[in-house]
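Reminder, nothing fancy here: chain letters follow the sequence lines and each chain counts from 1. For clarity, every value in this text was computed on a predicted model and none was experimentally measured. Heavy-atom basis, side chains included; hydrogens, waters and symmetry copies ignored.
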Protein chains: 2
Amino acid sequence: MLTIGKIGAQAGVKVPTIRYYEQIGLLPEAGRSAGNQRLYGRKALERLAFIRHARDLGFTLEAIRDLLSLSDNPEQPCVAADAIARAQLAEVERRLARLTALKAELERMVVQCAGGKIADCRVIEVLGDHSLCSTDHRHPESESSP
Amino acid sequence: MLTIGKIGAQAGVKVPTIRYYEQIGLLPEAGRSAGNQRLYGRKALERLAFIRHARDLGFTLEAIRDLLSLSDNPEQPCVAADAIARAQLAEVERRLARLTALKAELERMVVQCAGGKIADCRVIEVLGDHSLCSTDHRHPESESSP
DNA sequence: CTTGAAGCTATAGTTGCTAGAGACATTAGC
DNA sequence: GCTAATGTCTCTAGCAACTATAGCTTCAAG
């Protein structure tokens, strides 16, 4: 049996985050010691590692919730899991495209800054006028998490 | 003089967002009409467009605050603005590297899903065991905003 | 047996907005 | 001039996914 600090260290998740996951129902309520401290077994550790890994891969907690409920029913077809992963992949590809454009734009800005005064600074100038941009980096794509 | 909805439309920023920017001091308090509605001139529109553009490029509101105060003092050297832009570029490059690794991992996961049952699903399996990964996509990089 | 680390609960804060309620202002059509 | 639709006002609360703080209790080592 592991304390919360121990599984946290093993799974690479901070202690308050584990308590948070329990609170929102991603992890089941842990058993308690005589002194009211949470105790975890190997299954809990695996589940936490699963969550951590999925978070690393950029899945939202909602997606992870779905994936976990899928993995809890191993006799079902895996179409749903595949769909979640594909959606995530598509999302990552969108972010990649956008970030690539942003990188180009920022490089242009930075290269042109000659170390003069703000009045002549291309960084400020480019930010003030989108028409100076080469790429169309409009329309966000809300780059959340990972 | 433009109403809040008009500059919002022109700058591509939603009305409540403009009020929010005013609230946190990114935009100065707008003048008011007889009926207490906010009215904006060209300077306000330019400032808002600046903010919008910088947000598009992934700058945080804090960075934008700094950039705005720089652009308000055009006689200063532009080293600071350059530094902010370079930091942003570095951040974007870090995210790009990470997202590229994630994409590879997700592609591996998705390709291997054969349409069987969850029990055999590589998506679930890979998420449960980091050692099945080829890349090291650990250590977040908190992918905030753009 | 004492000390210090680790654990507990509960609440509030973070970032960058977005949504809702209920009241007032403005504008377009008739 | 009137009415209806749209726009704007303030205020509060909510979103993700945590993180931090305060003030307490429990545990393990020396």
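In this structure, A:Arg38 reaches the sugar-phosphate backbone alone: every heavy-atom distance under 4.0 Å involves primed, P, OP1 or OP2 atoms, never a base.
Considering only side-chain N and O atoms, B:Arg19 lies nowhere under 4.0 angstrom from the phosphate OP1 or OP2 of C:dC17. OP1 or OP2 of D:dT8 lies within a sub-4.0 Å distance of a side-chain N or O belonging to B:Thr3. Residue B:Ser33 has a polar side-chain atom (N or O) positioned under 4.0 Å from OP1 or OP2 of C:dT26. OP1 or OP2 of D:dT19 lies within a sub-4.0 Å distance of a side-chain N or O belonging to A:Thr17. In this structure, B:Lys14 reaches the C:dT18 phosphate: one of its side-chain N or O atoms is under 4.0 Å from OP1 or OP2.
Regarding A:Ile7, its CD1 atom lies at a distance of 14 Å from the C1' atom of C:dA6, rounded to whole Å. In this entry the distance linking CZ of A:Arg32 with P of D:dC27 reads 12 Å, nearest Å. For the pair A:Tyr20 OH and C:dT9 P, the computed distance is 17 Å after rounding to whole Å. Distance, A:Arg55 CZ to D:dC18 C1': 9 Å, rounded to whole Å. One interatomic measurement links the two molecules: CG of A:Asp56 to C1' of D:dA17, which rounds to 14 Å at whole-angstrom precision. One can place OH of B:Tyr21 at 9 Å from P of C:dG16, the figure rounded to the nearest angstrom. Computed from coordinates, the B:Gln37 CD to C:dT26 P distance equals 5 Å when rounded to whole Å. Atom CD in A:Glu22 sits about 12 Å away from atom C1' in C:dT9, given to the nearest Å.
Separating the NZ atom in A:Lys6 from the CG atom in A:Leu45 is a distance of 13.0 Å, to the nearest 0.5 Å.
Considering only heavy atoms from C-beta on, A:Thr100 comes within 4.5 Å of B:Leu96 through its side chain.
In this structure, A:Ala34 and B:Val15 both approach DNA chain D, and ranking their closest nucleotides by distance from the 5' end singles out B:Val15. The nearest heavy atom of DNA chain C to B:Leu61 and to B:Asn36 marks one nucleotide each, and the one closer to the 5' end goes with B:Leu61. In terms of position on DNA chain C, the residue among B:Pro16 and A:Ile4 whose nearest nucleotide sits closer to the 5' end is A:Ile4.
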Go through it in stages, so that I can follow the logic: the residues are A:Leu27 and A:Arg47, the test is side-chain contact (heavy atoms from CB on, under 4.5 Å), and I'd like the CA-CA distance, side-chain angles, deciding distance and then a yes or no.
CA-CA 8 Å; A:Leu27 290 174; A:Arg47 197 174 176 96; 4.0 Å; yes

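Between B:Arg98 and A:Asp56, the shortest heavy-atom distance links the atoms NH2-O, 2.7 Å.
Under 4.0 Å is where a charged nitrogen must lie from a carboxylate oxygen, and between A:Arg108 and A:Glu105 at least one such pair does.
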